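No experiment lies behind these values; they were computed from the predicted model shown. Numbering starts at 1 and runs along the sequence shown.
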Amino acid sequence: MEGTVFTPCLEGMKHVKSEQGEMLTKPFLELCKTILPVIDKFGAAMTLVKSDIGGNISRLEKNYLSDPDKFKYLYTFVQVEIESKTAKASSSCTNGLLWLTRAMDFLVELFRNLVAHQDWSMPQACGDSYQKTLKKWHGWLASSTFSMALKLAPDRKKFMDVISGSGDIYADMERFCAEFGPFLHDNHKFLATVGMDDMKAS
């Protein structure tokens, strides 16, 4: 593998915003897709996360493809649904963007932990990231299911070997967190302005 498993993600980040600094739908979704192969390397522990992320990307992409000009900018989905009063529906794009952003928060926190705490085991790094990000939004059932899945986290050393390729994995991981984190922050900030950042899972 040329570079590390993060190389495509780091490349994709350059194209996410327009020259005016607006979040573009297609490049943002493409960027999220480049993270799916990274999640694959976690095996069974991340099956739930991967299907959740994949489902939300598909939902947003389907709507984007219905009118690429109209939905060129990521937050248009939300604005349209706020106007039609459908934003709070569980199948809405607003809900999809919120949960996609939250799942990515979890991953950024996890990679941050792997860089900062190189003595931590993988279940420890996953558990801490879950507590800091997704847990407060999950109901009892989602929380128990998630916690059970994280117990299946792979051996840290094996995982790091698999994702390293020929590059400097810790440097790439750190860069990924530093550059991807602000996009997620922007999403939360926007969702908060329309009162949609604190929806919980049923």
Side-chain angles (χ1 to χ4, degrees), residues 9 12-13 16-18 21-36 38-39 42 46-68 70-112 126 128-147 149-150 176-177 179-202:
C9 311
M13 285 197 231
V16 170
K17 286 192 168 182
S18 69
E22 290 177 283
M23 201 80 85
L24 297 164
T25 304
K26 192 170 190 294
F28 179 76
L29 296 177
E30 292 299 329
L31 173 59
C32 292
K33 281 185 200 170
T34 65
I35 297 160
L36 294 174
V38 185
I39 304 172
F42 281 95
M46 292 284 175
T47 310
L48 279 171
V49 179
K50 189 183 176 195
S51 69
D52 196 45
I53 289 174
N56 286 321
I57 291 173
S58 299
R59 182 189 305 182
L60 292 164
E61 198 168 45
K62 190 177 161 200
N63 276 280
Y64 165 75
L65 292 171
S66 72
D67 195 338
K70 180 179 178 181
F71 295 118
K72 182 180 177 183
Y73 299 108
L74 189 61
Y75 303 152
T76 312
F77 291 127
V78 180
Q79 287 153 340
V80 165
E81 289 179 345
I82 295 278
E83 280 165 28
S84 63
K85 299 195 170 24
T86 54
K88 285 190 172 159
S90 61
S91 60
S92 71
C93 286
T94 304
N95 205 29
L97 178 61
L98 176 63
W99 283 101
L100 176 58
T101 302
R102 285 176 177 171
M104 293 297 174
D105 286 335
F106 164 70
L107 292 173
V108 166
E109 197 55 49
L110 172 54
F111 295 130
R112 210 173 264 146
C126 289
D128 181 79
S129 312
Y130 180 62
Q131 293 289 337
K132 285 181 187 159
T133 56
L134 284 169
K135 192 175 188 337
K136 64 179 169 213
W137 305 115
H138 276 168
W140 179 82
L141 185 65
S143 190
S144 342
T145 312
F146 211 89
S147 301
L150 293 181
F176 169 77
C177 295
E179 293 179 20
F180 193 54
F183 295 143
L184 303 176
H185 178 71
D186 286 353
N187 286 355
H188 284 301
K189 212 160 104 182
F190 171 74
L191 287 162
T193 63
V194 291
M196 290 293 165
D197 197 41
D198 55 0
M199 283 196 287
K200 289 198 168 189
S202 46

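- Not one N or O on the side chain of Glu81 forms a donor-acceptor pair closer than 3.5 Å with the backbone of Thr86.
- Residues His138 and Tyr130 are in side-chain contact: their nearest non-hydrogen atoms beyond the backbone lie under 4.5 Å apart.
- Using a 4.5 Å heavy-atom threshold, the side chains of Leu24 and Pro27 count as touching.
- The shortest non-hydrogen separation linking Asn95 to Ala89 is CB-O, 3.7 Å.
- Heavy atoms from other residues, nucleotides or ligands lying under 6.0 Å from NZ of Lys132 number more than 12.
- Side-chain N or O atoms of Ser66 include one that pairs as donor or acceptor with a backbone N or O of Asn63 at under 3.5 Å.
- In this structure, CG on Leu31 lies 10.0 Å from CD on Glu179, to the nearest 0.5 angstrom.
- Glu22 places no side-chain N or O within donor-acceptor distance of the main-chain N or O of Lys17, the cut-off being under 3.5 Å.
- Between Cys177 and Pro182, the shortest heavy-atom contact is O-CD, 4.2 Å.
- The salt bridge (charged side-chain N to carboxylate O under 4.0 Å, His left out) pairs that include a residue from residues 49-64 are Lys33-Glu61, Asp40-Lys50, where partners are two or more places apart or lie in different chains.
- Between Leu74 and Tyr64 there is no side-chain heavy-atom pair separated by less than 4.5 Å.
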Inset, instruction - Go through Met23 and Asp186 one step at a time and tell me if the side-chain contact (heavy atoms from CB on, under 4.5 Å) criterion holds. - result: CA-CA 9 Å; Met23 201 80 85; Asp186 286 353; 3.9 Å; yes

Inset, instruction - Give the intermediate values and the outcome of side-chain contact (heavy atoms from CB on, under 4.5 Å) for residues Tyr75 and Leu97. - result: CA-CA 9 Å; Tyr75 303 152; Leu97 178 61; 4.2 Å; yes

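- By the 4.5 Å heavy-atom criterion applied to side chains, Ile53 and Ile39 are counted as neighbours.
- Between the CG atom of Asn56 and the CZ atom of Arg102 there is a distance of 11.0 Å, given to the nearest 0.5 Å.
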Inset, instruction - Could you check Thr94 against Leu191 for side-chain contact (heavy atoms from CB on, under 4.5 Å), going step by step and ending with a plain yes or no? - result: CA-CA 8 Å; Thr94 304; Leu191 287 162; 4.0 Å; yes

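- Ring geometry, Phe180 versus Phe176: the interplanar angle falls under 30°, so the pair is classed parallel (tilted spans 30 to 60°).
- Taking 4.5 Å as the limit, some side-chain heavy atom of Met196 sits within range of a side-chain heavy atom of Lys88.
- For the pair Leu29/Leu100, a side-chain contact is recorded, criterion being any heavy-atom separation below 4.5 Å from C-beta on.
- Here the CZ-CD1 distance, from Phe77 to Ile82, works out to 14.0 Å after rounding to the nearest 0.5 Å.
- The distance from the CD1 atom of Ile35 to the SG atom of Cys9 is 5.0 Å, given to the nearest 0.5 Å.
- With a 4.5 Å cut-off on side-chain heavy atoms, Trp137 and Asp198 count as touching.
- The side-chain heavy atoms of Thr193 and Lys189, taken from C-beta on, include no pair separated by under 4.5 Å.
- Heavy-atom minimum distance, Leu48 versus Ala149: CD1-CB, 4.3 Å.
- Looking at residues two or more places apart in sequence or on another chain, you find a side chain to side chain donor-acceptor pair (under 3.5 Å) between Thr101 and Asn187.
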All N/O donor-acceptor pairs, side-chain side in residues 105-112, below 3.5 Å, sequence neighbours left out:
| from | atom 1 | to | atom 2 | distance (Å) |
| --- | --- | --- | --- | --- |
| Asp105 | OD2 | His188 | NE2 | 2.6 |
| Glu109 | OE1 | Arg112 | NH1 | 3.3 |

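- Contact between Trp99 and Met199 at its shortest, heavy atoms only, is CZ2-O, 4.2 Å.
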